[in-house]
Amino acid sequence: MELLSQKVAIVTGGSRGIGRAIVETFAREGAKVLFTATSVLSSEMIESLNSIGAHYHFVRADASSFSAANEVVNACVEKFGRIDVLVNNAGITRDNLLMRMTEAEWDAVIGVNLKSVFNLTKAVQPVMLKQRAGSIINLSSIVGLGGNVGQANYAASKAGIIGFTKSVAKEIGSRNIRCNAIAPGLIDTDMTQKLTEELRDTLTKSIALRRMGVPEDVAKVALFLASDLSQYITGQVIGCDGGM
Ligand code: NDP
């Protein structure tokens, strides 16, 4: 049984890491997926999507841009006719101790990680209200719950996402639109490749399951939240951290 047949999803930052795993998982489960990134799409990913018979559309767009969000939503409605699921996944890090953190590092992270969630959620809202159905999934982080040295900007953006998620869940739950967050722990992607091997090893020792997560671990949680299996779940933050 395909869990997402007849459903249309938008995934921001879908070209690598967790976003890519979500795009591929959703496509395998029968969804039509529009996804974004700021770089050109690799021919390797195009081939991979074609090989699984995915129905997809790629739009090059900066998730931190308010006007681009409307263009993404319009492109999705034009191409696929509706929007059932929005995954706000695009994210970056600009780590630094607060003492050294520049205004540009703060603004970049808040813009891409937090303002993007406002941009896209606001843009899909009229479409989902008209449909009287929808599932919005925001990528927060364990760091948004507990903070982390050198990541005041990132932690603030991810904690902000949690407040946003819970508020939106309350605002539009009566219209059958759900809004939840996922809080991944340490997942093996380009983002965490930046950490030293020593730090990755130390962090892995603090994980109950004694391994880093893989993007597919998070994609499975997104699949659950996107599908009707989670139809009575909203305003939640679901951890996906191996017991970190
Ligand atoms: P990656 O760095 O591997 O991938 C990020 C994706 O976002 C890429 O497709 C990138 O493409 C895209 N992206 C970056 N900036 C923008 C932008 N301005 N507009 C649109 N797309 C953009 O990250 P991960 O897969 O590791 O992380 C995905 C999400 O999960 C993030 O929100 C992250 O904070 C969160 N997360 C990750 C954890 C981890 O351990 N990896 C842990 C907890 C949370 P391009 O560069 O071409 O724009």
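The figures here come from the full heavy-atom set of this structure, side chains too, leaving out hydrogens, waters and symmetry mates. As the structure lists them, so they are numbered: ligands from 1, and atoms in each ligand from 1.
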Are any of the N/O atoms in [X] less than 3.5 Å from those in ligand 1?
{"X": "S141", "value": "no"}
{"X": "V112", "value": "no"}
{"X": "I18", "value": "yes"}
{"X": "I92", "value": "no"}

- Run down the list L139, N89, D62 and name the one with the heavy atom closest to atom 31 (C) of ligand 1. N89

- Note on the structure: Checking heavy-atom distances from atom 5 (C) of ligand 1 to each of G19, S116, G91, the winner is G91

Please state which protein non-hydrogen atom is closest to [atom] and give its distance, to 0.1 Å?
{"atom": "atom 1 (P) of ligand 1", "value": "R16 NH1, 3.8 Å"}
{"atom": "atom 12 (C) of ligand 1", "value": "G13 CA, 3.4 Å"}
{"atom": "atom 47 (O) of ligand 1", "value": "S39 OG, 2.6 Å"}
{"atom": "atom 34 (O) of ligand 1", "value": "Y154 OH, 2.6 Å"}
{"atom": "atom 22 (C) of ligand 1", "value": "A90 CB, 3.8 Å"}
{"atom": "atom 24 (P) of ligand 1", "value": "T189 OG1, 3.6 Å"}
{"atom": "atom 17 (C) of ligand 1", "value": "T38 CG2, 3.4 Å"}

- Do V11 and I83 share a hydrophobic cluster (ILVMFWY, side-chain heavy atoms under 4.5 Å, transitive)? no

Can you tell me if [X] contacts ligand 1 (heavy atom of the residue under 4.0 Å from the ligand)?
{"X": "G111", "answer": "no"}
{"X": "S140", "answer": "yes"}
{"X": "T12", "answer": "no"}
{"X": "K158", "answer": "yes"}

- Message: Could you check whether K7 pairs with D228 (Lys NZ or Arg NE/NH1/NH2 to Asp/Glu carboxylate O, under 4.0 Å)?
- Response: yes

- Query: Between R200 and D188, is there a salt bridge with N-O shorter than 4.0 Å?
  - Reply: yes

- Item | Contact summary for A61 and T38, nearest pair of heavy atoms | O-CG2, 3.9 Å

- Residue pair Y154 / I92: nearest heavy atoms and the distance that separates them: CD1-O, 3.4 Å

- Assign the ring pair F35 / Y56 to parallel, tilted or perpendicular, where the plane angle (0 to 90°) is split at 30° and 60°. tilted

- Message: Test of understanding: given a 4.0 Å heavy-atom threshold, classify the contact between A61 and ligand 1 as side chain, backbone, both, or neither.
- Response: backbone

- Derivation and outcome, side chain to side chain contact (heavy atoms under 4.5 Å, CB included), residues T121 and F164: CA-CA 10 Å; T121 306; F164 182 87; 3.6 Å; yes

- Ignoring hydrogens and angles, state whether a donor on the side chain of E24 or S48 is under 3.5 Å from an acceptor on the partner side chain. yes

- Message: Has D217 got a side-chain atom pairing as donor or acceptor with V214's backbone, closer than 3.5 angstrom?
- Response: yes

- Task: Measure from the side-chain N and O atoms of N119 to the backbone N and O of S64, and report whether any donor-acceptor pair falls under 3.5 Å.
- Result: yes

